[in-house]
Protein chains: 2
Amino acid sequence: MNDESTKERILLTAGPIFAKNGFQATTVREISEAADVNLASINYYFGDKQRLYVEVIKAARDNQSGQMSFSAIPSEAPPNMLLEKFVAILLRKLGVGIEPDWQMQLLVREFLHPGEACQEIVEAYFRPYFEMLLKIIDRLANVPLTSAVRLQLGFSLIGQCLHYRLAGPIIHMFVEKVEWEENFGTEELARHIAQFTIGGIAAVVSRAEPTVNRN
Amino acid sequence: MNDESTKERILLTAGPIFAKNGFQATTVREISEAADVNLASINYYFGDKQRLYVEVIKAARDNQSGQMSFSAIPSEAPPNMLLEKFVAILLRKLGVGIEPDWQMQLLVREFLHPGEACQEIVEAYFRPYFEMLLKIIDRLANVPLTSAVRLQLGFSLIGQCLHYRLAGPIIHMFVEKVEWEENFGTEELARHIAQFTIGGIAAVVSRAEPTVNRN
DNA sequence: ATTGCAGTTAAACAGTTGTTTAATAGACTG
DNA sequence: CAGTCTATTAAACAACTGTTTAACTGCAAT
C-alpha cells in the first residue's frame, strides 16, 4: 500500500463529507473511518484538518474546471438560445432539481463563506464562465454597455439561478406539489430565467441608452 | 435580580452570537460569558442549547415582524415606483451595503439551512411580504398570470436581491473599487434590479399571453 | 422557626475533538 | 548487517463541549 493510495483515499473521502457537513461539523474521525485509514494518517499526510480542507477545496476546483464545459453550445447560435442553454447547464451544475456533485456543493459552501482558497477558486473557476455569460449579454444588448451595467446584468442572472439552489426547501414551501412538478423542472426554470433575463436586459439597455427610442 | 432579567439577558446576548457563528460553532460558554451569567443558567432556563436556539429564532422573528414595514410606500403609487421602493427596502433589510441587524442575519442563516422553526418563520414573516411583492407584480403584468408564472417572477426578483447579500464578498472581487463606489450602492442596485425586473416581467408576460402582440 | 420554591452557582461529569507520541514494520542504501 | 527513511498504528494527551449535580441564598407561606 503506497502513500498515494492512502493520501488519495483521504482526499476523495473527505470531499463529500466536507460538502455535506461543512468544515466545522466534520470530524477527522468521520473521515478516517469512512476512508478506512488510521486517524493519525490525516495529520501525517496533511498536517492538520484545516490544511486537509484546503487541499480538498483545490481538488474540487481542479476536478470541476474541466467539467463545466459549455462547448456543447454552438457559438454561432442565436443569443437567446445561447442564454437558455447556459442557464440550463448552470442550474444543473448547481444541483437545482437534482443532487449536485460534491465538488459543486463544496464550492458553493466556500462561495457563501469565503475562506483562504476563495480568491483562487474565483479566478480559476468562476471568472471564465462569468466572462462567457457577459459575452452572451453583450450580444443580447447589442449596444456597448458600461462595465458596471454589464456586471449587474450578469449578477442578476446568476442570482436567480443561485436562489433556486440555495433556497430550494423554502421555495418548495410556496409552491403546490402539482405546480412544482409541472412548472419547476430544470428546463422550465431555465426557460423562465432566460426569458426574464432577456426582457430585463432589453429594459436596462433602453434606460441606459437614451438615444435609442423603443416606444 | 429576577428571572426575567437573566433569561432575557441570555436571549438578547445569544442572538447576535448565533447570528455571527451559526448554531454549531456557537458554544454555551461564549454565550454565558457574554451575558455574564452562570453556564448552568442556560440549561436552567432553556433546557438545552437547541431549545435556546429555537427561542432565539422566535425572538428574531417576532422582532422583525413589526419592523419590516412597507407602509412608507403609498399604495396608490405607480407600480414601477412601488417595485423600486420594495427592492430598496428589501436590500437594506438584507444588509446589502450595510451591516445587517442580527435578527435578519439569523433569519437568513435559518433560511439557508432550514431547521425546526423554519416553517413557522416562513408563514409568519416571509409570506406576507412575498404576497405584497406578488401584488406589485400583478399590477406590473396587468394581465392574469398563472400561479406558477407569478411565483417564478417573484423568485426571480428575490434571487437577485439575495445574491448581493449572500455573495457580497465574491461579487466584490469582480468589481473595481471605483466602480463599486459609484454604481453598487443600495439605491443604484435597487434601480437596476427594479428596471431589470420590470423588463423581465414584460418579456415573460408577452410570452405567456400569446394573444398580446407587442411587436 | 420551619418548609418549600425559585434562582444562582462552582464543580464535576462524560463525551468529543484534533493532535501528538512512540513503537513497529518494510524498503532501501552503503 | 546497520542505519535511515517512510508509512502505519494504538494509545495518550489536552482541550473543549453540553449537561448535570448538589449546595447555597433569598423569599414567602405556614
Side-chain angles (χ1 to χ4, degrees), chain A residues 1-60 102 106 109-110 113-118, chain B residues 1-60 102 106 109-110 113-118:
Chain A
M1 183 162 299
N2 63 44
D3 104 29
E4 182 175 13
S5 172
T6 302
K7 185 176 182 180
E8 202 66 29
R9 198 151 92 245
I10 295 171
L11 263 179
L12 292 179
T13 306
I17 297 176
F18 277 128
K20 183 186 60 169
N21 299 337
F23 178 75
Q24 180 85 14
T26 294
T27 63
V28 288
R29 276 170 180 81
E30 186 177 349
I31 293 168
S32 69
E33 277 160 27
D36 196 31
V37 297
N38 185 272
L39 185 56
S41 297
I42 289 171
N43 298 92
Y44 181 78
Y45 285 107
F46 298 96
D48 62 25
K49 183 184 170 187
Q50 173 63 29
R51 269 179 280 179
L52 168 60
Y53 180 71
V54 170
E55 290 299 320
V56 166
I57 288 274
K58 286 176 178 170
W102 67 264
L106 194 60
R109 270 190 186 277
E110 189 60 23
H113 302 287
E116 66 174 90
C118 192
Chain B
M1 184 159 299
N2 63 42
D3 103 32
E4 181 174 16
S5 173
T6 301
K7 184 175 182 181
E8 201 68 27
R9 200 151 88 242
I10 295 171
L11 263 180
L12 291 179
T13 304
I17 296 177
F18 277 130
K20 183 186 61 169
N21 300 335
F23 177 77
Q24 179 86 18
T26 293
T27 63
V28 285
R29 278 171 178 78
E30 185 176 350
I31 293 169
S32 68
E33 278 161 24
D36 196 31
V37 298
N38 185 273
L39 185 55
S41 298
I42 289 169
N43 299 92
Y44 181 79
Y45 286 106
F46 299 95
D48 61 26
K49 182 183 172 186
Q50 173 64 27
R51 269 179 281 178
L52 167 61
Y53 182 70
V54 169
E55 292 297 319
V56 167
I57 289 276
K58 286 175 179 171
W102 67 264
L106 193 61
R109 271 190 186 277
E110 190 61 23
H113 303 285
E116 70 174 84
C118 192

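Convention: sequence-line order gives letters A, B, ...; per-chain numbering from 1.
Contact record, Gly15(A) with Val56(A): CA-CG1, 3.6 Å, taken as the closest heavy-atom pair. What you find for Tyr53(B) and Glu110(B) is that their closest heavy atoms are OH-OE1, 2.9 Å. What you find for Asn21(B) and Thr26(B) is that their closest heavy atoms are CB-OG1, 3.1 Å.
One can place CD1 of Ile31(B) at 11 Å from C1' of dG18(D), the figure rounded to the nearest angstrom. Distance CZ (Arg9(B)) to C1' (dT8(C)): 11 Å, rounded to an integer number of Å. The distance between atom CG of Leu39(B) and atom P of dC16(D), rounded to the nearest whole Å, is 14 Å. One can place CD1 of Ile10(A) at 10 Å from P of dT9(D), the figure rounded to the nearest angstrom. dT24(C) atom P lies 18 Å from atom OH of Tyr44(A), rounded to whole Å. Here the P atom of nucleotide dG7(C) and the CG atom of Asn43(B) are 15 Å apart, to the nearest Å. The separation between Ile17(B) atom CD1 and dG18(D) atom P is 12 Å, rounded to whole Å. In this structure, Phe46(A) atom CZ and dT8(D) atom P are separated by 12 Å, rounded to whole Å.
Proximity of a side-chain donor or acceptor of Arg9(A) to a complementary backbone N or O of Asp36(A) within less than 3.5 Å is detected.
Note: Phe18(B) and Phe23(B) have parallel aromatic rings, judged against thresholds of 30 and 60 degrees for the angle between ring planes.
Within residues 22-30 of chain B, the residues having any heavy atom under 4.0 Å from DNA chain D are, by residue number, Thr26(B), Thr27(B), Val28(B), Arg29(B).
Residue order along DNA chain C, read from the 5' end via each residue's closest nucleotide, puts Ser41(B) first among Lys49(A) and Ser41(B).
In this structure, of dA10(D), dT21(D), dT19(D), it is dT21(D) that holds the atom nearest to the side chain of Ala40(B).
Salt-bridge formation is not detected for the pair Lys7(A)/Glu55(A): no Lys NZ or Arg NE/NH1/NH2 atom is positioned less than 4.0 Å from an Asp or Glu carboxylate oxygen.
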